[in-house]
Amino acid sequence: MRQLEYCLPVAFALLLAACGGGNDGGMGPLQVAGVSGIAVGEPTPAALNRDEFIKLARGASCSDIRNRLFIIDDKQVFWDKQGNCPDNGYSRTLYGRTAADVQCVSNDSIAGPQTSCSNTAMRPLFDTMLQNLDKADLGLGGAHKVEQVEFLPKDGVAATQPLLREGFSGLTSPLNVAVRDPDSFLKLWSAHYQYRSDPPAAPKIDFTRQMVLGVFLGNRPGGCIGATIDKVEVRAGKVVAYYTERDYSGPTVLCVAAITQPMDMVVLDKIEGDVSFIKQ
């Protein structure tokens, strides 16, 4: 074994000769020191892309009954989703390390339940999980490591922080927007202040964990109209923002005789998936 370790730094062609390559010593594939099961010349397997699967599940349709992700042995992902849909009411999928590596699928369809595995070696494992959906370890027992990934926010009203509310904006057409990255936010901020000679600097938002929702009403006749994002609700991983176009005019209120562009923006914890805006 010392002879093998000594030869590892040598070029591969010389190593086979110097370390007895081609003999019948039964050593099998040459192993990289400290990396079990990976032969010289083979690529190191890519790490499992957890965020890719979380984004996929958060944006899924027909998932109001169940939407769960499990990581199996740090190298596979099992996705179990079900919803109130006329077709394809449920779907269970076994992936490799990426969403492109679909190994097995079981789903409802017009033709009835369908189950198939592109990797037939995974069928026994997949069948076990399908038969034990109610168990925390999916019936795999101690021979496998099973981790359920918590990714959906709790249903209810999401906490928001006020960011900016003004009566004049460079955005003259109505716009409802959800912003999840700094570049998009800077573009939105610049568009809002595009007609100001000395606009304020954009506030710092941690987009690794936060997002911004904005409502821009566009041109409105008069200075007594305002926009407010009143409430943001989460239901089964879906986000709904309720907003109001308010008219503050009255006998005791002096309104500016001008075209205005009311707007409101708030900050909240980041949630993937579509955001619906509902005017109250």
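- No continuous path of ILVMFWY side-chain contacts below 4.5 Å connects Ile225 to Leu164, so the two sit in separate hydrophobic clusters.
- Counting only heavy atoms from C-beta outward, the side chains of Arg220 and Pro262 approach each other to under 4.5 Å.
- With rounding to the nearest 0.5 Å, the separation of SG in Cys104 from CD in Gln76 is 8.5 Å.
- Rounded to the nearest 0.5 Å, atoms CG (Asn176) and NZ (Lys279) are 10.0 Å apart.
- Atom OG in Ser106 sits 10.0 Å away from atom CG in Asp80 (nearest 0.5 Å).
- Between Phe216 and Ser169, the shortest heavy-atom distance links the atoms CD2-OG, 3.7 Å.
- Between atom CG of residue Asp108 and atom CZ of residue Arg92 there is a gap of 9.0 Å, rounded to the nearest 0.5 Å.
- For the 3.5 Å distance criterion, the side chains of Arg165 and Thr228 fail to qualify, holding no donor opposite an acceptor.
- Summarising the geometry of Leu213 relative to Ala241, their closest heavy-atom pair is CD1-CB, 4.0 Å, with the distance given to 0.1 Å.
- Summarising the hydrophobic clusters (Ile, Leu, Val, Met, Phe, Trp, Tyr; side-chain heavy atoms under 4.5 Å, direct or chained), the residues clustered with Val240 are Tyr242, Ile278.
- Counting all heavy atoms, side chain and backbone alike, Val266 lies closest to Pro162 at CG1-CA, 4.4 Å.
- Arg68 places none of its side-chain heavy atoms less than 4.5 Å from the side chain of Lys81.
- Hydrophobic clustering (side-chain heavy atoms under 4.5 Å, transitive across Ile, Leu, Val, Met, Phe, Trp, Tyr) keeps Val234 apart from Val179.
- Of the possible donor and acceptor atoms, one in the side chain of Asp137 sits under 3.5 Å from a partner among the backbone N and O of Gly139.
- With contacts defined as side-chain heavy-atom distances shorter than 4.5 Å, the pair Leu175/Leu188 qualifies.
- Clustering ILVMFWY residues whenever any of their side-chain heavy atoms sit less than 4.5 angstrom apart, transitively, puts Val102 in the very cluster that holds Leu48.
- A side-chain N or O of His192 and one of Glu166 form a donor-acceptor pair less than 3.5 Å apart.
- The hydrophobic cluster containing Leu138, built from Ile/Leu/Val/Met/Phe/Trp/Tyr side-chain heavy atoms closer than 4.5 Å, also comprises Phe70, Ile72, Phe78, Leu94, Met122, Leu125, Phe126, Met129, Leu130, Leu133, Leu140, Val146.
- Grouping the Ile, Leu, Val, Met, Phe, Trp and Tyr side chains by contacts below 4.5 angstrom, directly or via other members, places Trp189 apart from Phe168.
- To the nearest 0.5 Å, atoms CD (Gln103) and SG (Cys117) are separated by 8.5 Å.
- Under the 3.5 Å distance criterion, with hydrogens and angles disregarded, a donor-acceptor pair is assigned to the side chains of Ser184 and Asp181.
- Looking only at side-chain heavy atoms (C-beta outward), Ile205 and Val267 come within less than 4.5 Å of each other.
- We find that Arg123 and Asp127 are joined by a salt bridge, their nearest charged nitrogen and carboxylate oxygen being less than 4.0 Å apart.
- Here the CD1 atom belonging to Ile54 is positioned 9.5 Å from the CG atom belonging to Asn49, to the nearest 0.5 angstrom.
- Taking hydrophobic clusters as Ile, Leu, Val, Met, Phe, Trp and Tyr residues chained together by side-chain heavy-atom distances below 4.5 Å, Tyr243 does not share a cluster with Met263.
- The side-chain heavy atoms of Trp79 and Phe53, taken from C-beta on, include no pair separated by under 4.5 Å.
- Of the N and O atoms on the side chains of Gln210 and Arg180, not one donor lies less than 3.5 Å from an acceptor on the other residue.
- Across all non-hydrogen atoms, the minimal contact from Ala99 to Leu56 is CB-CD2, 4.4 Å.
- One finds no salt bridge joining Lys145 and Glu147 here, because no Lys/Arg side-chain nitrogen approaches an Asp/Glu carboxylate oxygen to under 4.0 Å.
- Chaining together hydrophobic side chains whose heavy atoms lie under 4.5 Å apart leaves Tyr195 on its own.
- In this structure the side chain of Val239 never reaches within 4.5 angstrom of the side chain of Phe277, judged on heavy atoms.
- Side chains of Gln261 and Asn219: a donor on one and an acceptor on the other come within 3.5 Å.
- In terms of modelled atom types and a separation under 3.5 Å, the side chain of Asp264 and the main chain of Ile229 share a donor-acceptor contact.
- Between Arg97 and Glu52, no side-chain nitrogen of the basic residue sits less than 4.0 Å from a carboxylate oxygen of the acidic one, so the salt-bridge criterion is not met.
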| message | Go through it in stages, so that I can follow the logic: the residues are Ile71 and Gln148, the test is side chain to side chain contact (heavy atoms under 4.5 Å, CB included), and I'd like the CA-CA distance, side-chain angles, deciding distance and then a yes or no. | response | CA-CA 6 Å; Ile71 295 180; Gln148 183 170 353; over 6 Å; no
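- In Lys55, the NZ atom is not crowded: 12 or fewer heavy atoms of neighbouring residues, nucleotides or ligands sit closer than 6.0 Å.
- The nearest pair of heavy atoms linking Ala159 to Leu268 is O-CB, 3.4 Å.
- What you find for Thr260 and Gly167 is that their closest heavy atoms are CB-O, 3.3 Å.
- Side chains of Gln280 and Asp230: a donor-acceptor N/O pair is present below 3.5 angstrom, by distance only.
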